[in-house]
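Values reported hereafter were calculated over all heavy atoms of this structure, with side chains retained and with hydrogens, waters and symmetry mates removed. Being a predicted model, the structure only gives us computed values, none of them experimental. Numbers for residues simply follow the sequence, beginning at 1.
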Amino acid sequence: MLKKEFRLNKRKDFEEIKVKGKLRNGDLFSVLELKGGQSIKVAVVVSKKISKKAVERNKIRRKMYLMIGKNMNIFLEGARVLFLVKKNILNRSEAEMEKCLKKLF
């Protein structure tokens, strides 16, 4: 699991990233990245459009945070990153998610 100090959790930060961030599209998820900050901050957004079941959405979120935690060295120092999960991530392995992450960065 990703440490609390690396998590993005303020509404104003989410809005700022949505407005000013640079979008990159992958097969399993999209990434909105905004450079310039004190430390790396990351958030994962899993919409109800992905799955109506909270259990499945939380499972995806946990897998994503685990994968991100393993690959923290990919992100630039001070970057704020927002992961927007796509529907085709269902039933995918962590290795496939990691491959998509490395392709985007």
*Among all residues two or more places apart in sequence or in another chain, which pass the side-chain hydrogen bond (donor to acceptor under 3.5 Å, both in side chains) test with N25?*
S30
*Quick one: list whatever passes side-chain hydrogen bond (donor to acceptor under 3.5 Å, both in side chains) with R61, sequence neighbours left out.*
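For R61 the side-chain hydrogen bond (donor to acceptor under 3.5 Å, both in side chains) partners, ignoring immediate neighbours, are N58.
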What about [X] and [Y], same hydrophobic cluster or not, with Ile/Leu/Val/Met/Phe/Trp/Tyr joined at side-chain heavy-atom distances under 4.5 Å?
X   : Y   : result
L23 : L82 : yes
M97 : M72 : yes
L2  : L8  : no
I74 : M67 : yes

Shortest non-hydrogen separation from [X] to [Y] and the atoms involved:
X   : Y    : result
F29 : I89  : CD2-CD1, 4.3 Å
I68 : F83  : CD1-CE1, 3.4 Å
G26 : C100 : CA-SG, 4.1 Å

_Between V85 and I60, is the side-chain contact (heavy atoms from CB on, under 4.5 Å) condition met? List the steps._
CA-CA 9 Å; V85 177; I60 292 167; 4.1 Å; yes
_I'd like to know if R24 pairs up with E33 as an ion pair, taking the criterion as any Lys NZ or Arg NE/NH1/NH2 lying under 4.0 Å from an Asp or Glu carboxylate oxygen._
yes
_Salt bridge flag under 4.0 Å for residues D27 and K99_ =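 Salt bridge: no.
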Please output the side-chain donor-acceptor pairs of residues 34-55 that fall under 3.5 Å, not counting sequence neighbours, one pair per line with the distance.
{"unit_1": "K41", "atom_1": "NZ", "unit_2": "E5", "atom_2": "O", "d": "3.1"}
{"unit_1": "S47", "atom_1": "OG", "unit_2": "K49", "atom_2": "N", "d": "3.1"}
{"unit_1": "S51", "atom_1": "OG", "unit_2": "K53", "atom_2": "N", "d": "3.2"}
{"unit_1": "S51", "atom_1": "OG", "unit_2": "E56", "atom_2": "OE1", "d": "2.5"}

*Would you mind listing every salt bridge (Lys or Arg N to Asp or Glu O under 4.0 Å) that reaches into residues 72-87, with sequence neighbours excluded?*
D13-R80, E16-R80
*Who are the ring pair (Phe, Tyr, Trp, His ring centres under 6.0 Å) partners of F75, not counting sequence neighbours?*
F105
*Evaluate the side-chain proximity of K70 to E94: yes if any heavy-atom separation is below 4.5 Å, no if none is.*
yes
*Which residues satisfy the side-chain contact (heavy atoms from CB on, under 4.5 Å) test with K4, sequence neighbours excluded?*
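Listed in chain order: nothing, the list is empty.
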*Using the side-chain contact (heavy atoms from CB on, under 4.5 Å) rule, pick out the option among L101, L90, N88 that qualifies with L28.*
N88
